[in-house]
J.: 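Before anything else, here's the structure in question.
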Protein chains: 4
Amino acid sequence: MGPASKRKRKVVRREQILEAAVRVFARRGFGNATVAEIAEEADVAAGTIYNYFESKEELFMSIPQLISEPMLATFLKDAFEGNEPTDITGEERLLARSCAKAIETLLQNLDLVKSILASVVTLDDETRAEYFRQPLQALTIMERYFRDRIERGIFREMNTAIVAQAYAVLVIMFVLIQELIRTADVAPLAYEEISQELTKLLLYGIEKR
Amino acid sequence: MGPASKRKRKVVRREQILEAAVRVFARRGFGNATVAEIAEEADVAAGTIYNYFESKEELFMSIPQLISEPMLATFLKDAFEGNEPTDITGEERLLARSCAKAIETLLQNLDLVKSILASVVTLDDETRAEYFRQPLQALTIMERYFRDRIERGIFREMNTAIVAQAYAVLVIMFVLIQELIRTADVAPLAYEEISQELTKLLLYGIEKR
Amino acid sequence: MGPASKRKRKVVRREQILEAAVRVFARRGFGNATVAEIAEEADVAAGTIYNYFESKEELFMSIPQLISEPMLATFLKDAFEGNEPTDITGEERLLARSCAKAIETLLQNLDLVKSILASVVTLDDETRAEYFRQPLQALTIMERYFRDRIERGIFREMNTAIVAQAYAVLVIMFVLIQELIRTADVAPLAYEEISQELTKLLLYGIEKR
Amino acid sequence: MGPASKRKRKVVRREQILEAAVRVFARRGFGNATVAEIAEEADVAAGTIYNYFESKEELFMSIPQLISEPMLATFLKDAFEGNEPTDITGEERLLARSCAKAIETLLQNLDLVKSILASVVTLDDETRAEYFRQPLQALTIMERYFRDRIERGIFREMNTAIVAQAYAVLVIMFVLIQELIRTADVAPLAYEEISQELTKLLLYGIEKR
DNA sequence: TATGAATGAGACTTCATTCAT
DNA sequence: AATGAATGAAGTCTCATTCAT
């Protein structure tokens, strides 16, 4: 096996461990997760993890690398850029479609989201900033979309920072709440309906016209 | 000292420990918090805690008791019940005022909210249900308010479950994000502005009329 | 049990652990000694050690505290100060007696000496300086004795720093070599003879007169 | 490449590893030294070491092989044998020159001496005997020299075993102390001066004549 | 023969819990 | 009822050794 192949295998092994770590941190949170459990999930010996990461801490800190900038940017660009501006009904369709796609992505990466949520409170400020650097930058793409539509007279004047954050928060939290807090009393809502309702809420509010 | 006074002192000491636990769990999360740290925060010896709680686990499970039903119900009744229905501008004032008051309450109980957030992912389903029983019931009071206004023709027809949850989520998460994720790049928003923007968003949406 | 008695017991327990540590470090050296072995030697649980010392390292660093300054100073003062100067035969008796007493003390504290020897090479410079601060200061008392006898015309002019160190080194190393390097081929020497020979060597050298 | 050349390369590689091991054991002691560090110092991979030595233990046990018998014997023969006996001043010159040369050799092999010192306490009796077999035999050459000079009436009657050991110990320990225990307070002595003082001490003692 | 990734036993250390005082 | 020293299970991490390449 040549050195190129070796290097490749190292990268693969590293990802294998990192992805196992995400699943375990999602189940347990950082403090409750054990290296032994991560090792078992990754199907390697405990010691092997330390050939790829300095410590459990560093392993945890490497998770944001999985939120690859291109992935996020691509998603948002697809959703919000290069779309021909149209009338309000067209925008509603666009937003609802993006929302549905975002929900789909969230469900696929639920462990990642959960592992972040499980630990966000206990992170020190610096690490937290590192964790949220990319997602927060991504919001600016949404803001640009909103600003564009304001300029074209489709949306009203507003604080785009607040609105972009509000829309993102709503989508993420609805998925999390649905997936996490399932009580016998509360019937789960269909994601289809959630997409449409949230989008309508964003566009038209609740006032009767 | 009579037996009544003794019992009272026991209750007081128990709450003293529980509140200290909330602060520590908020800082560290369940897994990272130590009984020694909770003891120091409560100004008792570590052993004393075990005179009031079976284990660290039980101590943690007792936290929802602090979300007293009356407190939550009172707040929501004050905010959403017994208000004379009025025109849309009146409702805007009402909602903005409720929102501001909710933010105030959240800030006062930030440790409690943080300690719940820190642990929600790692709780088993049963405990999680226990944690969220009261807050979820509280949502029904909001729903009743929305339904009333729909019937009176002030708000449009909508899925009140989704809208009530959305409004609650928005308020809670904006406070948490502000308090937790402070990066040097992002200037903090004034809560005053947030209340107004969120309320306007809820009522009127972002469509230009 | 009052708090005074408690404090006393803490001091006793601390010494119990420290003395066990000396024995184990003497057998194994710092790197090979295990906390578990020290705990067993001290007849406490492994965890208990950490109620008295921050780490294995700090435990090791606390050993010089056992070489109490007074003990060393007292020994040397008894041996070398307040002695009426006399003729060379009187000095020979004095030195031989001191030498014998030093050997006795060394044999009683052999573990301490061995534990220092076992680790001296691997210590960082700062720790090493800390370890040797007291013994090196003690040499100055011997130097004073030599200088006094030079002034009185009993000893010849010489570099007292070198001679004091030489005498101390000889005594310590003869004991260590005897106790450590016992091969079948080499018959052990009597300490009595060593004392006398080393003292004669120091005083008269090996030249035939 | 012929088999002879192959065998030679094996020997060379083995020594390369052994010498690296000496340096690392001198720095860290046996317990703290790691095979990885030795491998890096020897510029080979960790696995390679196991093609030449059974274990870290065996590697350590092979160190005495570096104290080649011829080397030691040659040095001592040059110094102490075949010298024309002369008067006491001539012997002083001879001893001072030997002492200076011994110091030079010690400084050149300081790592070896340190690695032995670092481990002497923790060795089991058998290995220790193996370590010291050659050096102890070397002492007999010195003893022969002393005995010769006694017979010729230049040195006084004495226990040559003790005196030979004393002289060797003094020289070795002065070098080690100088190289190991450097505190800011103590100015280092010139080796020139040490050679002369130790030799004079050996020959004439400290008595004023 | 050389490599270095994988292994897992065993080290240091923490901390929930107990219990004598 | 309160204390806090003692405990030891369990966690993180290291590193000698093996073995497929």
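First the proteins, then the strands, lettered A, B, ... as listed; each starts at 1. What's counted below: heavy atoms across the whole structure, side chains too, no hydrogens, waters or symmetry copies.
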J.: Rounded to the nearest 0.5 Å, how far does CE of B:M61 lie from CZ of B:F53?
T.: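 Reported to 0.5 Å precision, the distance equals 13.0 Å.
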J.: In terms of side-chain geometry, is the basic nitrogen of B:R14 or B:E19 positioned less than 4.0 Å from the acidic oxygen of its partner?
T.: no
J.: Rounded to whole Å, how long is the line connecting atom CZ of C:R13 with atom P of F:dG4?
T.: 17 Å
J.: Would you mind checking if C:E37 and C:R23 are paired as a salt bridge, meaning a charged N to carboxylate O distance below 4.0 Å?
T.: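 Result for this pair is no, no salt bridge flagged.
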J.: Looking only at non-hydrogen atoms, find the nearest pair between C:A33 and C:K56 and report the distance.
T.: O-NZ, 2.8 Å
J.: Distance from C:F30 atom CZ to C:S115 atom OG, nearest 0.5 Å?
T.: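 Rounded to the nearest 0.5 Å, the CZ-OG separation comes to 11.0 Å.
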J.: Can you name the closest pair of heavy atoms from D:L180 and C:R128 and give their distance?
T.: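 Scanning both residues, the minimum pair turns out to be O-NE, 3.2 Å.
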J.: Could you state the CD-P distance from A:E37 to F:dT12, rounded to the nearest angstrom?
T.: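 These atoms are roughly 10 Å apart.
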J.: Is the distance from OP1 or OP2 of E:dG4 to the nearest side-chain N or O of A:R9 less than 4.0 Å?
T.: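 No, because none of the side-chain N or O atoms of A:R9 sits under 4.0 Å from OP1 or OP2 of E:dG4.
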J.: Base contacts versus sugar-phosphate-only contacts with protein, heavy atoms under 4.0 Å: please encode nucleotides 10-17 of chain E as B, S and - from 5' to 3'.
T.: -SSBBSSB
J.: Tell me: CD1 of A:I38 to P of F:dA10, nearest whole Å?
T.: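 Checked: the CD1 to P distance equals 18 Å.
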J.: Specify the separation, in whole Å, of atom CD1 of D:I17 and atom C1' of E:dT3.
T.: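 Nearest whole value for this atom pair: 13 Å.
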J.: Whole angstrom is fine here: how far is it from CZ in C:R7 over to P in F:dA5?
T.: 12 Å
J.: State which of F:dT3, E:dT7, F:dA5 makes the closest approach to the side chain of C:K10.
T.: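 The answer is F:dA5, which lies nearest to the side chain.
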J.: Check whether any side-chain heavy atom of D:I116 sits under 4.5 Å from a side-chain heavy atom of D:F25, and report yes or no.
T.: no
J.: Take N1-N3 plus N6-O4 or O6-N4 for Watson-Crick, N1-O2 plus O6-N3 for G-U, both under 3.5 Å. Which runs of 3 or more such pairs involve DNA chain E?
T.: E:2-21 with F:2-21
J.: Send over the distance from B:I49 CD1 to E:dT18 C1', rounded to a whole Å.
T.: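 My rounded result for the distance is 14 Å.
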J.: What is the distance, to the nearest angstrom, from the CD atom on B:E40 to the C1' atom on F:dG4?
T.: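 From B:E40 CD to F:dG4 C1': 13 Å.
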J.: Could you check B:L176 against B:K114 for side chain to side chain contact (heavy atoms under 4.5 Å, CB included), going step by step and ending with a plain yes or no?
T.: CA-CA 8 Å; B:L176 274 174; B:K114 272 157 91 174; 4.1 Å; yes
J.: Of the candidate nucleotides E:dT3, F:dG8, E:dT7, which contains the atom at the shortest distance from the side chain of C:A45?
T.: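 Of the options given, the side chain of C:A45 lies nearest F:dG8.
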J.: Would you sort out whether A:E15 and A:K10 count as a salt bridge (charged side-chain N to carboxylate O under 4.0 Å, His left out), showing the intermediate values?
T.: CA-CA 9 Å; A:E15 268 181 23; A:K10 270 204 100 164; over 6 Å; no
J.: Does any non-hydrogen side-chain atom of D:E179 lie less than 4.5 Å from one of D:L110?
T.: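 D:L110 reaches D:E179 side chain to side chain.
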J.: Any residue in residues 114-121 of chain A with a heavy atom nearer than 4.0 angstrom to DNA chain E? Just list them by number, or reply none.
T.: none
J.: CZ of A:F53 versus P of E:dA6: gap in Å, rounded?
T.: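 These atoms are roughly 12 Å apart.
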J.: Classify D:Y52 by what it touches in the nucleic acid, base, sugar-phosphate, or nothing, heavy-atom distance under 4.0 Å.
T.: sugar-phosphate
